[in-house]
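What follows is a short report on a single structure.
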Amino acid sequence: MTPEQLSTAIVDVLTTLSDDGVLALPDGVPASVTVERPRQKGHGDYATNVALQLAKKAHTNPRSLAELIGARLTEHDSVAGVEVAGPGFLNVTVSTGAQGAVAAQVVAAGPAYGHTETLAGQRINVEFISANPTGPLHLGHTRWAVLGDAIGRVLSAAGADVTREFYINDRGVQMNHFAASIIAAATGQEKPEDGYAGGYIDDLAKAVGDAVPGIFELPEPERTAAVRAKGYELQLAEQQESLESFNTHFDVWFSELSLHEEGQEDGGVPHTLERLKDLGHVYEEGGALWMRTTDFGDDKDRVLIKSDGELTYFASDTAYYLNKRARGFDHCIYLLGADHHGYVGRLRAMAACVGDDPDQTLDVMIGQLVKILREGQEVKLSKRAGNIVTLTELAEEIGVDALRYSLARYPADSPLTLDIAEITKASNDNPVYYVQYAHARTCAMLRNAADLGMVLPAGLADGSATEFDPSLLAHERDGELLRALAEFPRVVAAAAELREPHRVARYLEETASVFNKWYDTKECRMLPQGDEPVMPANIARMVLVVATQTVVGNGLALLGVSAPERM
RNA sequence: GCCCCUAUAGCUCAGAGGAUAGAGCGCCGGUUUCCUAAACCGGGCGUCGCAGGUUCGAUUCCUGCUAGGGGCACCA
């Protein structure tokens, strides 16, 4: 019996009581009730506060209501006992067989276990990183790479239709600075004011020259245009490769420039400006075109076209938003760094200006910045040469799994300090290895089981597995592990709804710990010892181990971290 | 001045309004004729920043303060 099934059982009891006229609920029977794992041993396998919640509405006191519900709930086949405790909690003990059956449910679901339909029907666009294609991705992008990717995976697992999108800022003066910097490096000139520096520019200059011989000898403005195009191409490819090798995948690489091209209907910049004018939210002042975002809570109005005729970044942003909406997305998630939090107000106002309710369609997540310690010293990021910490370097130094996991286990709004020494430690001190080890351990056990000729019972999916007796998982440790595994779908659903993938990581650490304790319990040995024959209890525990392997493997997959079979 | 985030054990941090607030690290001590000891067991650590409020119940929600970080462009 999973917590969801228990919740349903309690709702059924409430419905019965209500139908029988024993209980009067003015607002009707709730669709679901809260079922949680009590922190305290002795408070049952599961507890519900339903009586505390409903007592006032039902004009009774919590304890009497709890007694009433408890009496009926006890009759349920899967419920072994119910106690009323404290101010009116119901502490429920699940029957051994019903609890053990969870293992079969997990194994039957396999890679789909943990997936739900809680966000089914939602089309969600997750935009993250969205760096300028003028340099390598660095530490500042790495956290969003991990979180955005994991949020995408978790949303998909909750049934949403997800598109992960990278917005390429390939338009604007920075692209010309970029080209000028490459040309300066190639021709041995001083780097220009506002230019880009760093060793990667020298490398890029060489690569551009190799790719297009004679490119630096072209006359202007052909030279700048050609260098800009080739440099952009190479730099974008470098970003894409580094993300691919970081196990971070995008469905769409969206060019800002494309918003300005001919033929863009919905979401094209000219079209967007027309639409805004029609909607009456723009005005001219001082030779510039403004959007009246203050009508919708922004601090000040924002410029769309500068007095020199140049379009602002905000004009592209607005067009891009409309473009996403025109592509059918109900929710647009933006992951931005804390240094961009000032954008939240204008993005929301902009959505309101075009007739949307930002509470419904916009989800701007502001992530706090990451500090990194090397040998106890903060690594200072600087745009000056040599002081850039790139995603690729970090992944090489720390390892993709350890880096991803270390960033994924904290909520986005928590400021974060990563100590390189700590997260590169290949030991149980390091949560990533602790979790991966639990997975590797299940694999080792199952290899041994296979050697002994143990096979997983057939028919686990439809409950016809006669060789699996769930009531043999009767040890206290069996119950703890089963309840941990039963939690997984709720954790994934919560992670998706709250856009908090760190919940998956924390859950995995907890589950790995419960599994290791189970493993060290003599009474719960999965393999027969010596020349003992394989008993039904060994088979039952084997199902439990496969279930654990499934959950840990599925959970790591949601974080984009590998689940090794050996370590 | 205005806005956002944060404040929980010595350190790094979890903690969808629930019962006696947790984990890891660090410190001390133990466990292996037994499926991977990258594991497990034991030992102590707290005015949940401060003050009000909502609630049967607040570390959690609201308000005000205090402290730290970040942000307030016709930049990209």
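Throughout, protein chains are lettered first and strands after them, A, B, ... in sequence-line order, and every chain is numbered starting at 1. Remember, it's a predicted structure, so these values are computed and weren't measured experimentally.
Nucleotides B/rC74 and B/rC5 have their P atoms positioned 25 Å apart, rounded to a whole Å. Look at the C1' atom in both B/rU47 and B/rG30: the space between them is 35 Å, to the nearest Å. Annotation: B/rG17 and B/rU60 have their P atoms spaced 11 Å apart (nearest Å).
Consecutive Watson-Crick or G-U pairing (both distances under 3.5 Å) extending over three or more pairs maps onto RNA chain B as B:1-7 with B:66-72, B:10-13 with B:22-25, B:27-31 with B:39-43, B:49-53 with B:61-65.
Here A/R503 reaches the OP1 or OP2 of B/rA16: one of its side-chain N or O atoms lies under 4.0 Å away. Between A/S414 and B/rC13 there is no side-chain N or O to OP1 or OP2 distance below 4.0 Å. The phosphate of B/rC74 (OP1 or OP2) has a side-chain N or O of A/K300 nearer than 4.0 angstrom. Remark: A/Y343 is not in phosphate contact with B/rA73, judged by side-chain N or O atoms under 4.0 Å from OP1 or OP2. Between A/H502 and the phosphate of B/rG15, there is a side-chain N or O to OP1/OP2 separation shorter than 4.0 Å.
Contact check of residues 528-543 of chain A against RNA chain B (heavy atom, cut-off under 4.0 Å) returns A/Q529. Of the residues in residues 166-173 of chain A, A/R171, A/G172, A/V173 come within less than 4.0 Å of RNA chain B through at least one heavy atom, sorted by number.
Considering only the side chain of A/H341, B/rG71 comes nearest among B/rG71, B/rA19, B/rC75. Picking from B/rU12, B/rG18, B/rC35 the nucleotide with the shortest atom distance to the side chain of A/F89 gives B/rG18. Among the nucleotides B/rA37, B/rG18, B/rA73, the one closest to the side chain of A/R441 is B/rA37. Ranking B/rG15, B/rC40, B/rC5 by closeness to the A/D413 side chain, first place goes to B/rC5. Side-chain proximity of A/E497 to B/rA16, B/rC35, B/rC4: nearest is B/rA16.
With a 6.0 Å cutoff to the six-membered ring centre and a 45° limit on the axis angle, A/R171 does not count as a cation-pi contact of A/Y313.
Residue A/Y410 is in sugar-phosphate contact alone, with no base atom involved, counting any heavy-atom pair closer than 4.0 Å across all strands shown.
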For this session: Take A/H340 and A/Y334 through the ring-ring contact (aromatic ring centres under 6.0 Å, His included) test and state the conclusion after the steps.
Result: CA-CA 11 Å; A/H340 284 70; A/Y334 294 74; over 10 Å; no
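We find that CG of A/L289 is positioned 11 Å from C1' of B/rC74, with the value rounded to whole Å.
Aromatic stacking of A/Y433 on B/rA38: not satisfied for centres closer than 5.5 Å together with planes under 30 degrees.
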